[in-house]
Number of protein chains: 2
Amino acid sequence: MSRSPTPRRRATLASLAAELKVSRTTVSNAYNRPDQLSAELRERVLSTAKQLGYPGPDPVARSLRTRKAGAVGLMITEPLNYSFSDPAALDFVAGLAESCEAAGQGLLLVAVGPNRSVSEGSAAVLAAGVDGFVVYSASDDDPYLPLVLQRHLPVVVVDQPRDVPGASIVCIDDRAAMRRLTEYVLELGHREIGLLTMRLGRDWPHSGRGPALADPDRVRNPQFHVQSERIRGVSDALAEAGLNPDALTVVESYEHLPTSGGVGADVALEANPRITALMCTADVLALSAMDRLRARGVYVPGQMTVTGFDGVPEALSRGLTTVRQPSVEKGRRAGQLLHNPPRSGLSVVEVLDTELVRGRTSGPPA
Amino acid sequence: MSRSPTPRRRATLASLAAELKVSRTTVSNAYNRPDQLSAELRERVLSTAKQLGYPGPDPVARSLRTRKAGAVGLMITEPLNYSFSDPAALDFVAGLAESCEAAGQGLLLVAVGPNRSVSEGSAAVLAAGVDGFVVYSASDDDPYLPLVLQRHLPVVVVDQPRDVPGASIVCIDDRAAMRRLTEYVLELGHREIGLLTMRLGRDWPHSGRGPALADPDRVRNPQFHVQSERIRGVSDALAEAGLNPDALTVVESYEHLPTSGGVGADVALEANPRITALMCTADVLALSAMDRLRARGVYVPGQMTVTGFDGVPEALSRGLTTVRQPSVEKGRRAGQLLHNPPRSGLSVVEVLDTELVRGRTSGPPA
DNA sequence: ATGAAAGCGCTAACAG
DNA sequence: CTGTTAGCGCTTTCAT
């Protein structure tokens, strides 16, 4: 069970120095500044280190001393199973991970989803040994955000919330994108539109967890900036076309389960059977809705127009009419903002471009 | 730009104690052991902390003192874009993240893919402030593994390599699973089989990065235990049926790109046009192969049987004949092994169950 | 090129 | 309940 020279006590830089009868500085230099000592001495240090089973300078102690953790934290407020099943969220994480890899930084996932109590989540945020935080799509009143800010570390917010003091933000123009998409739908001739969206607030005033008709008050004051802007974008287009924005049928879904879109579609159509276009604020919702419509014998786009948002691969391959947003790039930019902060030291707002994708799921109303 | 009482220097536990004229212990207790001081004193501590902008005990300093980092490291040796596009790998990460969340631990992604030099990757491994490592499916001669081991931290290996001294392992019986699948294919009557697999070694002796015919030497000595076992499983079944295992046409693919399976199928069929069954060691390969075959006008399963491995959702929904493995559970178990190490202190081997899924992509040869 | 001294910010005994 | 004493393991001036 014990290798040759495994000492009872873990070897440290100091013990190694003692063993070698050199100063700790020298050992430290052997690892961190090879040019500060002779090559042979360095070799001697490294070889006895190996012999003693010294793993090299302890990362935590080094972090304490240098005040650098070598990692950025990603605060994930959604339930993990959601984050890991939504392609757009994953693309974001992939982009962030990529930029961290390039910068030689670690990426620490800090999950503070609803599965944990707020105090447990708080502990996780406070315990994260990181040099900065990325906050991904949190609600305006997220309870963990103040804790993140309290740590006085650089923070980059992605998508939402806006107006976090001191934080840079990477986002898209949700309102304009959704307005443009809606204009397209209206041009096709649709007048009765259903909107399927993620939950409008952290709370959930409906019974059960399934998609439910959102009441107008909630629609007017969503706690998520993104939802708010997207709804506003739809309203803009409706108003512009001389339609009443309040006539929009809005169904909110607590989470994006594989079936959420389908159930949401049912709810919307039951609430307003005259709907001819179903606009979804996420591709996963739209795809699920399409599946459900097909099962009900409703043809898309013949009898129902369906649109999504995100531009995930499956959506594009299935010809969904949607808005493509650069999810990977969001992650990359967020990381870069942390790794190479803007010279000014001021916070930055980066608005990334989106693109309207006219697919095969939209057409004139029946 | 400056809040009311923002001191030039970051507040620390000591400065807070001085301000309050109490000992550092008391302040520490206010955060870590609320029962060790009066509620009112604690309140006073916390409130002046807020006033001073003290974010609470520094996680790094605490880690140094307590010798606990509060996070586990996940060493990812594949290119990130692969890890984040393979559903099976993602399920694994999701399971691991879930168990970390439940244990109140962070999850530090340490990417040491081929995009970075070995020395950069080494630095990342050595710099990770973690209490243990999960190594996900590394090659037998992975250059970073020794570094991980060198840190004398608990290690859990997933899938491969085997026989890492001191490390626990979570895996499946790849050989038995693949044997069973092959037996099924043979029962259907197939005799000429093509095998599409991930690259057989860290090196890549072929020109270009696309799928290529693997030479027999390489097939006999893969550097990845999993590939090795799966090929062996196929051989077992072939030998059992009185066929020559060396007659197997093996095509290896450097990475799992969306098109890898399709190109691999082309390569295999060109090398041996008599092939009637294409067995793939990953669903993503099989799905891509199916797409390609359809494009070529080859009917599945009428003219070609195709099988996969993993049991990812898309494969199951498309009726792929495959082996389902519990990827999420792998991640969960790996995490648990780290968070609640077996009482014995000895390393453990956990072999999780797999299930043969007879789908609609397999049938008798034409 | 090498060493001595001085902490980084915190917690864990152990006394009082 | 509160304070004193000792470091955790390392890097970094500043001398030599």
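Here is how names work: the chains are called A, B, and so on, in the same order as the sequence lines, proteins then strands, and each is numbered from 1. Since this is a predicted model, take the numbers as computed values, not measurements.
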Rounded interatomic separation in angstrom, taking [atom1] from [X] and [atom2] from [N]:
{"X": "B:N29", "N": "D:dT4", "atom1": "CG", "atom2": "C1'", "answer": "14 Å"}
{"X": "B:R10", "N": "C:dC8", "atom1": "CZ", "atom2": "P", "answer": "13 Å"}
{"X": "B:E40", "N": "D:dT2", "atom1": "CD", "atom2": "C1'", "answer": "14 Å"}
{"X": "B:L41", "N": "D:dT2", "atom1": "CG", "atom2": "C1'", "answer": "9 Å"}
{"X": "A:E19", "N": "D:dG9", "atom1": "CD", "atom2": "C1'", "answer": "18 Å"}

List for me each residue that meets side chain to side chain contact (heavy atoms under 4.5 Å, CB included) alongside B:D131, sequence neighbours excluded, and say none if there are none.
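Here the qualifying residues are B:K68, B:A69, B:Q105.
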
Is B:R42 close enough to D:dC1 that one of its side-chain N or O atoms is under 4.0 Å from OP1 or OP2 there?
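No, because none of the side-chain N or O atoms of B:R42 sits under 4.0 Å from OP1 or OP2 of D:dC1.
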
For D:dG3, take OP1 and OP2 only and decide whether either is under 4.0 Å from a side-chain N or O of B:T26.
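It does, given that an N or O in the side chain of B:T26 lies less than 4.0 Å from OP1 or OP2 of D:dG3.
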
[Y] backbone acceptor or donor facing [X] side chain under 3.5 Å:
{"X": "B:R62", "Y": "A:A127", "result": "no"}
{"X": "A:Q223", "Y": "A:S139", "result": "no"}
{"X": "B:R332", "Y": "B:E98", "result": "no"}

Looking for any heavy atom pair under 4.0 Å, which part of the strands does A:V60 touch: base, sugar-phosphate only, or nothing?
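The answer is nothing, as A:V60 stays clear of every strand by at least 4.0 Å.
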
For a quick check of understanding: with a heavy-atom distance under 4.0 Å over all strands, which category does A:L64 fall into, base, sugar-phosphate or nothing?
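Base, at least one base heavy atom under 4.0 Å.
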
Ignoring hydrogens and angles, write down the donor-acceptor pairs under 3.5 Å from the side chains of residues 39-47 of chain B, residues two or more places apart or on other chains.
from: B:R42; atom 1: NH1; to: B:A30; atom 2: O; distance (Å): 2.3
from: B:S47; atom 1: OG; to: B:E43; atom 2: O; distance (Å): 3.4
from: B:S47; atom 1: OG; to: B:R44; atom 2: O; distance (Å): 3.2

With rounding to the nearest 0.5 angstrom, report the OG1 to CD distance, A:T25 to A:Q36.
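So the OG1 of A:T25 and the CD of A:Q36 are separated by 11.0 Å.
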
Base contacts versus sugar-phosphate-only contacts with protein, heavy atoms under 4.0 Å: please encode nucleotides 10-16 of chain C as B, S and - from 5' to 3'.
BBBB---

How do B:L37 and B:R67 order along DNA chain D: which one's closest nucleotide is nearer the 5' end?
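Its nearest nucleotide being more 5', the pick is B:L37.
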
In terms of side-chain heavy atoms of B:V22, which of D:dC1, D:dG3, C:dG3 is nearest?
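Ranking D:dC1, D:dG3, C:dG3 by closest atom to the B:V22 side chain puts D:dG3 first.
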
Would you please test B:T26 and B:S23 for side-chain hydrogen bond (donor to acceptor under 3.5 Å, both in side chains) and show each step?
CA-CA 5 Å; B:T26 300; B:S23 79; 3.3 Å; yes

